[in-house]
Amino acid sequence: MSHHPVHVEQPSDAEILPRLETPGVLSRVEELIRRYPVKRAALLQVLWLAQETLGWLPNVAIRWSAEKCEVSPVHAYGVSLFYTMYKKVPTGRFFLQICQNVSCHIQGAEAVIAHAEKVLGVDSHGGNTEDGLFTLLRVECLGACGNGPVLQVNDSFATDVVDGELAMPIGVGLDPERFDRIVEWCRRRAAELPEEPVRDALGDILVGTDGHPGATGASAEVQGSYAPPPPALAVTASNVEEGRTKVTWKAAPETTVLHLETRQGGGEFAEVASLSGKDKEWIGELPAGAEIRIVAETAGVRAKPSNIAKGIA
Ligand code: FES
């Protein structure tokens, strides 16, 4: 569905942006971006966050994600097309994807798909039920071939209902009766919970309360913030030409800024320049006895200072 762009009425900025520019969503964006040395690295997760918030990815949301991650809109659009888990069209509350690939096929996927089309009254190429509850889509391998035929309900595998919950017991594949039980589960859930709890890319609930179908890992622990790189290493300074001091160092590749600091007579270090060179730079002559150090910074996070070097007269 998502990798074949189809014409869909695109909502306006005014319809979408207020739903994304909420304190909750914005703080999650900030948190996601903080985990990476460069903003663009968070793009997949920010797109996911937007999709989870809206239920799909309209163009406005893609532009919004691009802006947050400082990439071009066309780059973000291309990414959203490449990964089929990004939905470029709205779906029903329960997005049912049935695998039609070879392992599932030989276990009877076509018969289950035909049954699903009949029960829901929609086709299996993205058909939506009129009540807005279900979207049915035949897909390629879902990576759970041992349980063929396999169904995915939103983010969770499901081939049966066990103890009142969606489940995929080992070796149990989908069949028409199990499909009916799953549809029944979805209808009951829709009656009990007015809206589906929405989780963001890190598993935190954004909207709703409880009872997510529970894909393994869907509520993964929030990880720690991105660890800043080690400091600039092996800093040396030498006055090899009159009036100039050559500073050399080694820094971690993800470092984005290097701050050069100096001090004299054991006082406080003060920043004198930002270094832009790869591993060496010329600065002004250092006074006798002056010390230098470098502080590496990555995505706004400063690492511990480097070793201290002295100018050599
Ligand atoms: S072939 Fe259906 S999950 Fe792999």
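Atoms within a ligand are numbered from 1 in the order they appear, just like the ligands themselves. The first residue in the sequence is number 1, and the count goes up from there.
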Co-members of the apolar cluster containing Val102 [side chain, <4.5 Å]: none
Nearest heavy-atom neighbours spanning Cys69 and Leu43: SG-CA, 3.6 Å
With Glu15 via side chain to side chain donor-acceptor pair (under 3.5 Å) - residues at least two apart: Ser12
Around atom 4 (Fe) of ligand 1, number of protein N/O/S atoms which are nearer than 2.8 Å: 2
Contacts of Glu67 that satisfy side chain to side chain donor-acceptor pair (under 3.5 Å) - sequence neighbours left out: none
Side chains of Gln100 and Glu110 in contact at under 4.5 Å (non-hydrogen atoms): yes
Test: Arg28 and Glu31 ion pair at under 4.0 Å: yes
